[in-house]
Number of protein chains: 2
Amino acid sequence: MPSDQTRTAILAAAERLYADRGFGDVTLRDIVAEANVNLAAVNYHFGSKDELIAELFVTRSIQLNRERLRLLQAAEEAGGERASIDAILRALVGPTLRGCLGPENQRSTAARFMIRVSIESVPPIRRIRNREIDHLRKFIAAMRRSLPGHSDVELYWGLHFALAMAQQTVRDSERLTKLSEGKCDVDDVEGIIERVVSVAAMALTTGDAASKAPARMLARDAR
Amino acid sequence: MPSDQTRTAILAAAERLYADRGFGDVTLRDIVAEANVNLAAVNYHFGSKDELIAELFVTRSIQLNRERLRLLQAAEEAGGERASIDAILRALVGPTLRGCLGPENQRSTAARFMIRVSIESVPPIRRIRNREIDHLRKFIAAMRRSLPGHSDVELYWGLHFALAMAQQTVRDSERLTKLSEGKCDVDDVEGIIERVVSVAAMALTTGDAASKAPARMLARDAR
DNA sequence: GATAGTTTCATACAAATGTTTGAAATGCCT
DNA sequence: AGGCATTTCAAACATTTGTATGAAACTATC
């Protein structure tokens, strides 16, 4: 049975360095120096640099998805197979925001790594990302149960916008802070979650789903 | 007076290649081959690879910002110094979405380049991005005039979310298409603009601004 | 305690990349 | 045409990068 010591050290060092400095300018040599292992160890244990990155991302993605599904399941059980749309959206965006926002000095390495992922999006990660769709479908299914009568298209857009707001807040919290001169408190994680959930839920539940967009189109002004 | 021919050819070739293949795997040699100029021409005319990228991005950003401000100004003039919040948001997200969505084969190179920018975000571009804040402040000012009585914090969040939805739609339209199995028509650009504007405006105008978030916090369920 | 399989190590390799150089070519003004 | 500045060019440079190699060290099993 392999001791796994070297492997683990590489993973930890790589995640930390990628989180701090981005994928662009962290080399295998940086990683092995940080991990105090030999250069060849990376290729021995992972095959290639890309597979190392992929393994890091897959591990964290699985954790994130598991946490999301745990919250979703809890919400559905509490509501008797039919969770409120708010609870569903909270299960979707909560884990990401809770992990990636909040006081900088207390964010985990894992969280900072995932922030990097959302900012830089390097090829080996993009390839894996496409498998996320099956996971999202489970949330669509829950939303369908929660909001019967809504067209699927509306549900897709609602989920898309919810993720958009969460992702962009993670990615660009710094810009929001600067723009608002600190008036938007990006450390108030729970407040932000409620904000995102509130807007997304409003988008999903307000107005007649089918006629909303066309009606607005008539009202648009010049050009 | 320099003929500018080489310079222009480099810019055009670089933009096309970056748009098609991303910043990661386009080298100076690829660019000069595409432009039919000598390798040293890039450093002669631009100083470095990063400055070439920066110039491309600055040019397109200026165009985008100009277009946004043009629409904003038109909306304010039409409404007598006070544009509707919808019109303001449309001026903000319209140009980006109009440029970067729609049938793939008819997107301009410039648009596809800006999509790349929003996906990959390479260092020389990140540095420039921070200057965008002054530009966004003009929209905050217009929103303040349009919605007097709203707290600035709400305006910042509204603008942030509007940009988030637009950006993510540009960045990830492919995933949305796959997730919805084509049911979300990402080629209906004007429809998407109205959708984004509608949700963002709703977020800004619904409920009492100050008490909205706290009220929702009380209603949140377990964990 | 010998042996087979696993892991570590120093080093080399090969390829790619941005940048520099100095000479040749070109264009421009008097 | 001559002389000066700008531009182009081929070639070389200096790194940096991920990966491969083969021997040494280690571990566990019989």
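Just so we're on the same page: letters track the sequence lines, and every chain starts at 1.
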Enquirer: Verify whether one side chain among A:R16 and A:T109 offers a donor that lies under 3.5 Å from an acceptor in the other.
Expert: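 Checked: A:R16/A:T109 side chains show no N/O donor-acceptor pair below 3.5 Å.
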Enquirer: Rounding to an integer number of Å, can you tell me how far A:N36 CG sits from C:dC9 P?
Expert: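 For the pair A:N36 CG and C:dC9 P, the rounded distance is 9 Å.
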Enquirer: Is the shortest side-chain N/O distance from A:H45 to OP1 or OP2 of C:dT6 below 4.0 Å?
Expert: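 Answer no for this pair, as no side-chain N or O of A:H45 is under 4.0 Å from OP1 or OP2.
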Enquirer: Which atoms of nucleotides 17-19 of chain C (N or O only) lie under 3.5 Å from a protein N or O atom, and what are those distances?
Expert:
residue: C:dG18; atom: OP1; partner: B:K49; partner atom: NZ; Å: 2.6
residue: C:dG18; atom: OP2; partner: B:L28; partner atom: N; Å: 3.0
residue: C:dG18; atom: N7; partner: B:R29; partner atom: NH1; Å: 2.9
residue: C:dG18; atom: O6; partner: B:R29; partner atom: NH2; Å: 2.9
residue: C:dT19; atom: OP2; partner: B:N43; partner atom: OD1; Å: 3.4
residue: C:dT19; atom: OP2; partner: B:K49; partner atom: N; Å: 2.9

Enquirer: Is there any ring-ring contact (aromatic ring centres under 6.0 Å, His included) pair reaching into residues 87-141 of chain A, and which pairs are they, with sequence neighbours excluded?
Expert: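 Passing the test, one end in residues 87-141 of chain A: A:F23-A:F113, A:H135-A:F139.
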Enquirer: Name each donor-acceptor pair under 3.5 Å that joins a side chain in residues 49-58 of chain B to protein atoms two or more places apart or in another chain, with its distance.
Expert:
residue: B:E51; atom: OE2; partner: B:S48; partner atom: OG; Å: 3.2
residue: B:E55; atom: OE1; partner: B:R7; partner atom: NH2; Å: 3.0
residue: B:E55; atom: OE2; partner: B:R7; partner atom: NH2; Å: 2.4

Enquirer: Nearest whole angstrom, please: distance from the P of C:dG27 to the CG of B:D4.
Expert: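 Interatomic distance, CG of B:D4 to P of C:dG27: 15 Å.
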Enquirer: Over all heavy atoms of both residues, which pair between B:C100 and B:M114 is shortest? Give the atoms and the distance, please.
Expert: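 Looking at all heavy atoms of both residues, the shortest contact is SG-CB, 4.3 Å.
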Enquirer: Using a strict threshold of under 4.0 Å (side-chain N to carboxylate O), is an ion pair present between B:E154 and A:R195?
Expert: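 Looking at A:R195 and B:E154, the cut-off is met.
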Enquirer: Distance only, no hydrogens: is a donor on one side chain within 3.5 Å (strictly under) of an acceptor on the other, for A:Q63 and A:R60?
Expert: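 Result is yes, a qualifying pair exists.
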Enquirer: Is the distance from OP1 or OP2 of C:dT7 to the nearest side-chain N or O of A:T6 less than 4.0 Å?
Expert: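 For A:T6, the contact criterion (side-chain N or O under 4.0 Å from OP1 or OP2 of C:dT7) is not met.
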Enquirer: When the distance from CD1 of B:I10 to P of D:dT7 is rounded to whole Å, what number comes out?
Expert: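 Result: 12 Å.
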Enquirer: Write down the distance between CG (B:N38) and P (C:dA23), rounded to a whole number of angstrom.
Expert: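 After rounding, the reported distance stands at 16 Å.
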Enquirer: Specify the separation, in whole Å, of atom OH of A:Y44 and atom C1' of C:dT7.
Expert: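 Distance check: A:Y44 OH to C:dT7 C1' gives 5 Å.
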Enquirer: Can you tell me how far C1' of D:dT7 sits from CZ of B:F46, to the nearest Å?
Expert: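 The distance from CZ of B:F46 to C1' of D:dT7 comes to 14 Å, rounded to the nearest Å.
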